[in-house]
2 protein chains.
Amino acid sequence: MNIATDTRSRIIAAAKPRFHSRSYANVGIQEICESAGVQKGSFYHFFPSKRDLVMAVIDEFADEWAHGFVAEAFDPALPPMERIDYLVDAAYFWQKSIKQVHGRMLGCIFGNLTLEVSTQDDILRAKLLAIFSRAKSRFKDTLEEAVAAGTIAPLDADLTAEAMLAYLEGVILLAKSQNDPEVIYRLGPAIKTLRVEAAA
Amino acid sequence: MNIATDTRSRIIAAAKPRFHSRSYANVGIQEICESAGVQKGSFYHFFPSKRDLVMAVIDEFADEWAHGFVAEAFDPALPPMERIDYLVDAAYFWQKSIKQVHGRMLGCIFGNLTLEVSTQDDILRAKLLAIFSRAKSRFKDTLEEAVAAGTIAPLDADLTAEAMLAYLEGVILLAKSQNDPEVIYRLGPAIKTLRVEAAA
DNA sequence: CTTGCATTTTACCGAACGGTCAACTAGCAT
DNA sequence: ATGCTAGTTGACCGTTCGGTAAAATGCAAG
């Protein structure tokens with residue numbers, strides 16, 4: 001059982017950096033199998049299809065973030081609006097360190113995959129949508145807490161949360177187009193100026 | 001000469017909606033040729049490579065926008081900040097009409113291609129960067145005009161312009177993840193709340 | 001020792017990929 | 001009429017694509 005799990009996770013480990021640094025269509029099963037030291041027949045024993053593999057990869061990235069930077073950023077001990085700063089900083093430092101190692105800014109794999117596959121595969125789109133949905137909730141809770149604490153003026157927390165998430169993805173997109181994480185550093189802090197007023 | 005030009009533009013016309021609605025890697029030369037009624041050898045008479053084709057497609061989209069919605073939106077007769085509203089509206093209506101025809105929100109082809117190929121092809125990345133750069137300039141000029149007119153408080157026009165462009169791309173990304181142009185309608189107007197203060 | 005199941009191996013499928021090549025056609029200028 | 005050239009044709013290149021099937025292996029419980 002352990003060895004089996006090991007094969008499966010070796011496949012995922014080989015797939016993760018490849019889907020992140022290239023694209024869904026550009027990474028082949030064969031390449032992943034070679035890198036993981038696994039036979040193709042063995043691959044299809046664990047994953048019914050390429051789509052199932054990328055879904056597992058999405059889950060791994062999501063867990064990694066949820067238990068890493070996101071948990072740190074949305075620490076209830078921090079003043080609410082500082083959590084948002086923290087998250088933007090985390091995105092910046094992460095992309096920066098990736099560039100130092102890899103030579104390129106890879107951006108957000110959820111955003112990358114969304115724009116690539118969401119017109120072609122509704123199941124993947126739904127998976128990615130769920131990820132964004134959770135992220136939005138984090139922002140929303142934080143904004144509501146900030147409003148309750150009087151840190152910021154009342155607003156539409158739901159829409160502002162979505163706007164902030166959109167902005168973060170957009171900033172990472174522009175940074176990737178320049179292959180320069182410093183874009184995140186320069187533009188990121190403006191996320192807190194975004195506001196959608198509460199409906200009357 | 002006319003017939004020759006016609007073949008070339010038939011190829012581009014066949015490629016445009018395909019690259020927009022799917023992805024760079026997912027659209028093959030063969031399919032484009034079949035749709036355009038052109039032989040593959042003829043394709044390679046006009047385009048040295050697939051990359052050159054997609055660059056021509058990018059140019060066509062850019063021209064289309066520059067002479068269409070962008071020219072309308074950045075009309076000097078409009079009050080500066082209304083131009084930005086106009087552009088967001090244009091993005092919304094365009095995506096909405098695409099969805100009505102196509103059944104799906106296709107998003108911004110420049111953003112789509114950026115996230116797909118910019119780690120793999122620096123020439124394409126540079127091409128897309130140039131598009132974003134021009135878009136940013138439009139925002140920047142508008143913001144400077146608005147500041148000069150006293151419509152908005154002084155700010156860092158360059159960074160705010162980039163932030164607004166990022167936000168617009170991010171909003172379209174989130175809308176695509178939900179396959180729902182109404183996201184643009186709901187979140188778009190908040191673009192004017194974005195501010196990067198001028199350096200001291 | 002045997003049965004049964006999970007895992008792995010190997011060979012294979014048809015289709016599509018981007019790209020090349022040589023032969024051919026048509027139109028125009030000399 | 002002839003030669004040049006832009007354009008076109010259709011066959012072909014080797015490679016890779018995602019996915020399949022059957023046989024072989026290892027291992028653990030009865």
Side-chain angles (χ1 to χ4, degrees), chain A residues 1-58 113 116-125 127, chain B residues 1-58 113 116-125 127:
Chain A
M1 189 66 104
N2 259 349
I3 294 174
T5 303
D6 180 65
T7 299
R8 198 188 124 97
S9 55
R10 275 208 329 274
I11 292 171
I12 293 176
K16 266 179 75 180
R18 284 173 172 79
F19 283 135
H20 192 197
S21 70
R22 310 227 292 280
S23 72
Y24 180 63
N26 196 59
V27 177
I29 308 287
Q30 187 171 311
E31 174 190 351
I32 290 168
C33 289
E34 278 164 15
S35 153
V38 162
Q39 239 40 36
K40 198 187 271 195
S42 208
F43 172 92
Y44 279 97
H45 176 72
F46 290 100
F47 300 96
S49 71
K50 187 183 182 182
R51 180 213 273 157
D52 292 274
L53 168 65
V54 84
M55 294 219 280
V57 167
I58 290 168
L113 287 173
E116 182 183 358
V117 306
S118 64
T119 53
Q120 305 175 52
D121 189 322
D122 276 327
I123 293 174
L124 284 180
R125 187 175 61 78
K127 181 103 197 166
Chain B
M1 189 68 106
N2 261 349
I3 294 172
T5 304
D6 180 65
T7 299
R8 199 187 122 97
S9 55
R10 275 208 329 274
I11 293 171
I12 293 176
K16 265 178 77 179
R18 284 173 172 80
F19 283 136
H20 192 197
S21 69
R22 312 228 290 281
S23 72
Y24 180 63
N26 196 60
V27 176
I29 308 287
Q30 187 171 314
E31 175 191 348
I32 290 168
C33 288
E34 279 164 15
S35 154
V38 163
Q39 236 45 33
K40 199 187 271 194
S42 207
F43 172 94
Y44 279 97
H45 176 74
F46 291 101
F47 300 97
S49 71
K50 187 182 183 183
R51 181 213 272 157
D52 291 275
L53 169 65
V54 84
M55 293 220 279
V57 167
I58 290 168
L113 288 173
E116 181 183 359
V117 307
S118 63
T119 54
Q120 306 174 53
D121 189 322
D122 275 327
I123 292 174
L124 283 181
R125 186 174 62 77
K127 180 104 196 164

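We name chains A, B, ... by the order of the sequence lines, and we start the count at 1 in each one. Note that the structure is a prediction, hence the values are computed from the model and not measured.
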State which of [options] makes the closest approach to the side chain of [X].
{"X": "A/Ser42", "options": "C/dT8, C/dC17, C/dG19", "result": "C/dT8"}
{"X": "A/Thr7", "options": "C/dT8, C/dG19, D/dT20", "result": "C/dT8"}
{"X": "A/Phe46", "options": "C/dT8, D/dG19, D/dT8", "result": "C/dT8"}
{"X": "B/Gln39", "options": "D/dG19, D/dT9, C/dT9", "result": "D/dT9"}

May I have the distance from [X] (atom [atom1]) to [N] (atom [atom2]), rounded to whole angstrom?
{"X": "B/Glu31", "N": "C/dG19", "atom1": "CD", "atom2": "C1'", "result": "17 Å"}
{"X": "A/Lys50", "N": "C/dA16", "atom1": "NZ", "atom2": "P", "result": "16 Å"}
{"X": "B/Ile32", "N": "C/dG19", "atom1": "CD1", "atom2": "P", "result": "11 Å"}
{"X": "B/Phe43", "N": "D/dG10", "atom1": "CZ", "atom2": "P", "result": "18 Å"}
{"X": "B/Asp52", "N": "C/dG18", "atom1": "CG", "atom2": "P", "result": "14 Å"}
{"X": "A/Asp6", "N": "C/dA6", "atom1": "CG", "atom2": "P", "result": "19 Å"}
{"X": "A/Ile29", "N": "C/dA15", "atom1": "CD1", "atom2": "P", "result": "20 Å"}
{"X": "A/Ile11", "N": "C/dT7", "atom1": "CD1", "atom2": "P", "result": "11 Å"}

Interatomic spacing from [atom1] in [X] to [atom2] in [Y] - rounded to 0.5 Å:
{"X": "B/Leu113", "Y": "B/Phe19", "atom1": "CG", "atom2": "CZ", "result": "8.0 Å"}
{"X": "B/Ile29", "Y": "B/Phe43", "atom1": "CD1", "atom2": "CZ", "result": "3.5 Å"}
{"X": "B/Ile58", "Y": "B/Ile12", "atom1": "CD1", "atom2": "CD1", "result": "11.5 Å"}
{"X": "A/His45", "Y": "A/Thr7", "atom1": "NE2", "atom2": "OG1", "result": "9.0 Å"}

Checklist entry - If you take atom types as modelled and just measure distance, does the side chain of B/Lys40 reach the base of D/dG10 with a donor-acceptor pair under 3.5 Å? => result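 By the distance-only test, no, there is no pair.
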Checklist entry - With a 4.0 Å cut-off, would you call A/Arg10 and A/Asp6 a salt bridge? => result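 Yes, A/Arg10 and A/Asp6 are salt-bridged.
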Next on the checklist: Heavy-atom nearest nucleotide on DNA chain C for A/Gly41 versus B/Tyr24: which residue maps closer to 5'?
Outcome noted: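 On the 5' side of the pair lies A/Gly41.
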Checklist entry - According to a strict under-4.0 Å criterion, is B/His45 in side-chain N/O contact with OP1 or OP2 of D/dG7? => result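 Yes, B/His45 has a side-chain N/O under 4.0 Å of OP1/OP2 on D/dG7.
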Checklist entry - Does the side chain of A/Tyr44 get closer than 4.0 angstrom to OP1 or OP2 of D/dT20 through an N or O atom? => result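 For D/dT20, OP1/OP2 do not have a side-chain N/O of A/Tyr44 under 4.0 Å.
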Next on the checklist: Any side-chain to backbone donor/acceptor pair from B/Glu116 onto B/Tyr24? Under 3.5 Å, distance only.
Outcome noted: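 It does hold such a pair.
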Next on the checklist: I need the single residue from B/Lys50, B/Arg18, B/Lys40 that forms a salt bridge (charged side-chain N to carboxylate O under 4.0 Å, His left out) with B/Glu31. Which is it?
Outcome noted: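 The single option meeting the salt bridge (charged side-chain N to carboxylate O under 4.0 Å, His left out) with B/Glu31 is B/Arg18.
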Checklist entry - If we fit an axis to the first five pairs and another to the last five of the helix from C/dC1-D/dG30 to C/dT30-D/dA1, what angle do they make, to the nearest 10°? => result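 Between the axes fitted at each end of the helix from C/dC1-D/dG30 to C/dT30-D/dA1 lies an angle of 10°.
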